[in-house]
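Each ligand, and each atom within it, is numbered from 1 in the order the structure gives. All values reported here derive from a predicted model rather than from experimental measurement.
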Amino acid sequence: MLQTQDLMVPHDQSRPSVAAVTIVVPCYNERENVARMVAALDRALPGIAWEAIFVDDDSADQTAEEVRRIAQSDFRVRCIRRIGRRGLASAVIEGVLSSSAASVVVIDGDMQHDPARIPDLLRALDAGADIAVGSRHVQGGDAAGLDGVWRRRVSRAGIGVATRLMGVALTDPMSGYFAMRRELFDRLAPRLSGQGFKILLDLLLSAPTALRVAEIPLRFQPRLAGESKLDALVMAQFIGVLIEKASYGVIPPRFAAFAAVGAVGVLVHYTVLVAGRASGLPFEADQTAATIVAMAFNFWLNNTLTYRTNRLRGVPLVRGLAVFIVVCGLGAVANIGIANTLYRAHSGWTPSGILGAIVGVVWNYAVSATLVWRMR
Ligand code: GDD
Ligand code: MN
């Protein structure tokens with residue numbers, strides 16, 4: 001009879017069974033860069049027990065297949081394929097949490113970060129840093145690879161906000177290239193927002209006490225293949241993360257977006273109302289039409305912006321719209337009820353109206369997040 005032992009490969013005790021350092025590589029449509037990355041890691045880390053975890057969000061260009069093809073002949077390479085998910089920060093978090101190594105390095109998968117700098121980052125950790133960052137803005141680094149005047153302006157503005165408003169003492173808090181001990185990451189992980197692109201800033205702002213940060217000069221390389229995924233929506237998410245951190249986690253990033261969409265909805269409502277008055281529609285019919293149009297508009301905008309990573313399509317879209325209208329209808333009833341009660345208790349119409357509206361938007365957000373977009 002075949003014994004279990006017969007199937008086991010004898011373990012070589014002289015070799016480490018766990019990597020000393022995990023390189024976490026977020027990637028989305030980076031098929032052409034995977035082999036380049038593995039080869040560059042091999043060159044950059046001689047004599048170091050490393051492993052690479054590529055975290056792919058089900059790229060259409062078959063990035064995951066390419067990683068697994070390379071993994072067939074290189075056990076140091078692994079792939080996490082996430083389905084129905086998007087996001088650089090959350091990809092990094094899941095990659096790091098899957099590591100059992102003592103140290104982790106996070107690096108872009110498009111070769112804009114030079115893997116040859118990894119030993120410098122690891123040395124900085126050994127010298128006592130909590131986080132070692134590849135920085136484009138210290139002496140010897142540069143951001144030349146950042147294409148476009150606008151990208152550079154936005155990048156500088158973001159750094160300005162982070163350093164002045166949030167008190168982060170770092171020349172490049174937006175860097176996507178850094179090393180840290182996994183144990184520290186594990187401690188901070190439950191506090192992370194995980195939204196958007198700025199995982200390093202998220203980590204720094206989530207630490208209960210200031211972290212010792214070392215900066216290593218980095219020359220940001222131009223992209224060789226593929227294209228950047230950072231767009232206006234990603235930047236809007238960044239504002240949401242800042243609001244979340246500034247409110248000590250009370251205001252979730254999505255709530256800010258949801259409330260902004262709601263404010264636009266008020267304008268839509270008003271515009272329809274004015275048009276209806278001009279065309280001589282009875283007021284009740286006009287107000288009803290304006291309410292329905294504003295709700296449908298809010299639903300559409302939330303579906304494309306606020307919940308774009310969970311975007312509904314097809315039948316779930318129709319179902320979602322129906323649930324959204326019911327939820328917001330109940331929200332309106334709560335809003336009016338609370339405002340009326342306060343008003344009758346002589347609270348004045350301004351505070352009564354504002355409090356009613358706040359209760360309405362909080363209700364709409366909380367309930368539609370779970371029932372319509374099924375967020376956990
Ligand atoms: N898994 C996953 N999911 N990976 C992603 C996603 C995503 O939704 N979006 C982007 N990536 C991967 C890309 O494939 C690439 O390997 C890396 O994350 C960086 O994305 P880019 O789209 O190339 O970003 P960039 O070059 O414009 O921005 C870089 O510079 C910024 C500062 O200017 C990044 O390093 C950012 O982290 C950095 O903040
Ligand atoms: Mn890039």
Proximal candidate to atom 12 (C) of ligand 1 [heavy atom criterion; set Pro26, Ser175, Ala89]: Pro26
Check: Phe255 and Val362 side chains under 4.5 Å, non-hydrogen atoms: yes
Atom 22 (O) of ligand 1: nearest protein contact (heavy atom, Å): Lys229 N, 2.5 Å
Shortest heavy-atom approach to atom 8 (O) of ligand 1 - which of Arg86, Arg136, His113: Arg86
Heavy-atom check, side chain of Pro253 versus side chain of Ser193, under 4.5 Å: yes
Heavy-atom side-chain contact between Ser135 and Leu218 under 4.5 Å: no
Closest protein heavy atom (residue, atom, distance) for atom 28 (O) of ligand 1: Arg151 NH2, 3.5 Å
Closest protein heavy atom to atom 21 (P) of ligand 1, given as residue, atom name and distance to 0.1 Å: Arg223 NH2, 3.7 Å
Non-hydrogen side-chain atoms of Thr271 and Val293 separated by less than 4.5 Å: no
Which residue and heavy atom of the protein sit nearest atom 16 (O) of ligand 1, plus the separation: Gly109 N, 2.8 Å
Ligand 1 N/O within reach of Ala91 N/O, cut-off under 3.5 Å: no
Nearest-neighbour protein heavy atom for atom 5 (C) of ligand 1, which is reported as residue plus atom name and distance: Tyr28 CB, 3.7 Å
Per-atom contacts of ligand 1 with Met174, taking only distances under 4.0 Å to non-hydrogen atoms: 32 (C), 38 (C), 39 (O)
Stepwise ring pair (Phe, Tyr, Trp, His ring centres under 6.0 Å) check, Trp373 with Phe258: CA-CA 12 Å; Trp373 286 280; Phe258 192 88; 7.2 Å; no
Contacting atoms of ligand 1, where contact means under 4.0 angstrom from a heavy atom of Gln112: 23 (O), 26 (O)
Contact check: Gln112 to the Mn ion (ligand 2), N/O/S below 2.8 Å: yes
Check: Phe220 N/O within less than 3.5 Å of ligand 1 N/O: no
Atom 13 (C) of ligand 1: nearest protein contact (heavy atom, Å): Glu30 OE2, 3.3 Å
Minimum-distance pair of heavy atoms, taken over all atoms of Glu66 and Ala35: OE2-CB, 4.1 Å
Shortest protein contact, atom 27 (O) of ligand 1 (heavy atom only): Ser228 OG, 2.5 Å
The Mn ion (ligand 2) contact by Asp108, N, O or S atom under 2.8 Å: no
Atoms of ligand 1 close to Gly176 [distance to a heavy atom under 4.0 angstrom, numbered from 1]: 35 (O), 37 (O)
Pair Glu215-Thr171, side-chain donor/acceptor within less than 3.5 Å: yes
Salt bridge Arg117-Asp120, side-chain N to carboxylate O under 4.0 Å: yes
Short side-chain donor-acceptor distance under 3.5 Å, Ser103 and Arg181: yes
Atom 24 (O) of ligand 1: nearest protein contact (heavy atom, Å): Phe197 CE2, 3.5 Å
Ligand 1 contact by Arg85, heavy-atom criterion under 4.0 angstrom: no
Winner among Leu200, Val55, Asp172 once heavy atoms are compared against atom 1 (N) of ligand 1: Val55
Heavy-atom closest pair, residues Arg81 and Ala64: CD-CB, 4.2 Å
Shortest heavy-atom approach to atom 29 (C) of ligand 1 - which of Asp108, Asp57, Ile199, Leu201: Asp108
Taking every non-hydrogen atom, the tightest pair across Ala44 and Ala116: CB-CA, 3.9 Å
Arg82 side chain to Ser90 side chain, donor-acceptor N/O pair below 3.5 angstrom: yes
Which N, O or S atom of Asp110 lies nearest to the Mn ion (ligand 2), by name: OD2
Aromatic Tyr365 / basic Arg254 pairing, under 6.0 angstrom, 45° off normal: no
